[in-house]
Amino acid sequence: MNHITRNIFLFLALLPLSLYAQDYYVQCEDTCSHIHGIDLSHYQGEVFWETIGDNTHMSYVYLKATEGGDRIDATFERNIWMARRHGLKVGSYHFYRPKTDQQKQLQNFVSQCIPEEQDLIPMIDVESTGGLSTDVFCDSLFYFLDLVEEAYQQKPLIYTGRNFYNKHLQGKIDDYKIMIAMYTDDEPVVADDREITMWQYTGKGSINGISGYVDKSRFMGNHTLREIRFRHR
């Protein structure tokens, strides 16, 4: 094989890899007109908010504030201050533990989710029954949701997975806006065909300013940020 032939062969062999690399960096927010955002916790480590603020594709961020009755996310205080400083609309979320006293969980959450610092309604992350039956779990959850609504004078957004929703929550939270996590190319549809406000479409997104993977979400259809705006008293 002469020098020219070898170079042509190498070029053709590497071409698919080059195209794959280009496609890898083309993400959902680069190709559609939906409103996109991210959610973050201490798992993402240090975040360079000035870089994210310059990324006009990201309009909002939900930050993990608390979990259960006593866990406070170590990065929450810095992240909420920096995110707002760099122009993102900010909301806070609580990871719900069904077996933990609801009043204790509420106090934990309200100690961090300060109304004056919120642009978006609170979000409750619901991913586990804690080993409870569906009926007992739902009684626990609905009591907590009522407490959150009473504290903030507005219903929270509920985040959950499609399969979890179908198994435990379908037809039971029609009065709440929901964000559904489902990591496929197709938009999510839940078993009761209810309207979905937001869709977390990947847990392995990438964005300048964050090392490693990040959860990304977007609004469905014609839904907008206005629908989840925090109503200040």
Side-chain angles (χ1 to χ4, degrees), residues 14 16-32 34-68 70-97 108-109 112-113 117-120 122-128 157-164 178-188 198-220 225 228:
L14 292 173
L17 294 176
S18 176
L19 293 175
Y20 175 82
Q22 292 174 12
D23 289 342
Y24 178 81
Y25 290 104
V26 175
Q27 301 178 76
C28 180
E29 66 270 18
D30 298 317
T31 59
C32 76
H34 297 105
I35 302 168
H36 288 260
I38 53 179
D39 65 84
L40 299 177
S41 70
H42 64 278
Y43 289 112
Q44 277 72 44
E46 183 177 3
V47 175
F48 297 93
W49 287 104
E50 61 278 9
T51 303
I52 296 176
D54 291 337
N55 183 345
T56 55
H57 293 307
M58 295 297 118
S59 300
Y60 64 88
V61 57
Y62 265 101
L63 300 170
K64 183 176 182 181
T66 51
E67 177 176 339
D70 55 9
R71 295 185 183 180
I72 296 172
D73 193 273
T75 61
F76 176 72
E77 185 174 356
R78 178 182 185 275
N79 280 344
I80 195 167
W81 185 78
M82 292 293 289
R84 298 191 76 197
R85 177 182 177 184
H86 289 284
L88 280 82
K89 299 299 183 183
V90 177
S92 304
Y93 78 88
H94 173 79
F95 191 97
Y96 181 65
R97 292 292 183 185
N108 190 27
F109 188 48
Q112 302 302 309
C113 181
E117 298 176 349
Q118 310 302 308
D119 301 303
L120 310 176
M123 183 168 76
I124 308 303
D125 185 340
V126 184
E127 300 184 35
S128 170
L157 174 70
I158 298 178
Y159 165 93
T160 191
R162 184 189 63 170
N163 293 340
F164 190 90
I178 59 173
M179 180 193 293
I180 290 293
M182 190 182 79
Y183 304 154
T184 66
D185 292 334
D186 297 325
E187 292 187 350
M198 302 166 75
W199 171 28
Q200 187 186 88
Y201 56 87
T202 183
K204 293 187 175 182
S206 61
I207 186 172
N208 290 336
I210 299 175
S211 298
Y213 293 134
V214 61
D215 297 335
K216 289 185 176 181
S217 59
R218 69 166 174 82
F219 281 82
M220 296 279 284
L225 277 168
I228 60 169

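Along the sequence shown, residues are numbered consecutively beginning with 1.
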remark   = Residues K216 and S206: closest non-hydrogen pair is NZ-O, 2.7 Å
query = Nearest heavy-atom pair of Y159 and A181: which atoms, and what distance?
reply = OH-CB, 3.3 Å
query = Is it true that a side-chain atom of Q118 and a backbone atom of S92 form a donor plus acceptor pair closer than 3.5 Å?
reply = yes
query = At what distance, to the nearest 0.5 angstrom, does CG of L88 lie from CG of N79?
reply = 11.0 Å
inquiry  = Main chain of V126, side chain of T160: is a donor-acceptor contact present, judged purely on distance under 3.5 Å?
reply    = yes
remark   = For I80 and E77, the nearest pair of non-hydrogen atoms, with its separation, is CG2-O, 3.4 Å
query = Do the side chain of K64 and the main chain of A74 share a donor and acceptor less than 3.5 angstrom apart?
reply = no
remark   = In short, D119 meets K89 closest at the heavy-atom pair OD2-CA, 3.6 Å
ask   = For the atom pair CD1 (I38) and CD1 (I210), what is the distance rounded to the nearest 0.5 Å?
value = 4.0 Å
query = Considering all heavy atoms of both residues, which atom of P188 and which atom of I180 are nearest to each other, and what is their separation?
reply = CB-CG2, 3.9 Å
query = Are the side chain of D39 and the backbone of Y62 linked by a donor-acceptor contact shorter than 3.5 Å?
reply = no
key: Y201 and H36 aromatic ring geometry - parallel, tilted or perpendicular at 30°/60° bounds   = perpendicular
key: Neighbour count above 12 (heavy atom, 6.0 Å) for R71 CZ   = no
key: Derivation of the side chain to side chain contact (heavy atoms under 4.5 Å, CB included) call for E127 and F164   = CA-CA 7 Å; E127 300 184 35; F164 190 90; 5.7 Å; no
query = Where do Y60 and F219 land on the side chain to side chain contact (heavy atoms under 4.5 Å, CB included) test, with the steps shown first?
reply = CA-CA 11 Å; Y60 64 88; F219 281 82; 3.6 Å; yes
ask   = Would you say the side-chain atoms of T75 and H42 include a donor-acceptor pair closer than 3.5 Å?
value = no
query = Nearest 0.5 Å, what's the CD1-CG distance between I52 and L40?
reply = 6.0 Å
request  = Given side chain to side chain contact (heavy atoms under 4.5 Å, CB included), test V90 with E117 step by step and report yes or no.
outcome  = CA-CA 8 Å; V90 177; E117 298 176 349; over 6 Å; no
note = Interatomic distance, CZ@R218 vs OG1@T202, rounded to 0.5 Å, equals 12.5 Å
inquiry  = Quick check for you: to the nearest 0.5 Å, what is the distance between H94 atom NE2 and C113 atom SG?
reply    = 11.0 Å
request  = Taking atom types as modelled, find out whether Y93 and S41 have a side-chain donor-acceptor pair closer than 3.5 angstrom.
outcome  = no
query = Is it true that the side chains of Q200 and Y183 contain a donor and an acceptor less than 3.5 Å apart?
reply = yes
message = Closer than 3.5 angstrom, by distance alone: can the side chain of Q112 be matched with the main-chain N or O of F109 as a donor-acceptor pair?
response = no
remark   = Separation between NE2 (H57) and CD1 (I207), nearest 0.5 Å, reads 9.5 Å
task = Please step through side chain to side chain contact (heavy atoms under 4.5 Å, CB included) for the pair N208 and F48, ending with a clear verdict.
result = CA-CA 8 Å; N208 290 336; F48 297 93; over 6 Å; no
query = Of the non-hydrogen atoms in W199 and M220, which two are nearest, and what is the gap between them?
reply = CB-SD, 3.7 Å
task = Answer yes or no: does atom CD of E187 have more than 12 heavy-atom neighbours from other residues, nucleotides or ligands under 6.0 Å?
result = yes
query = Checking N108 side chain against I72 main chain: does a donor-acceptor pair fall under 3.5 Å?
reply = no
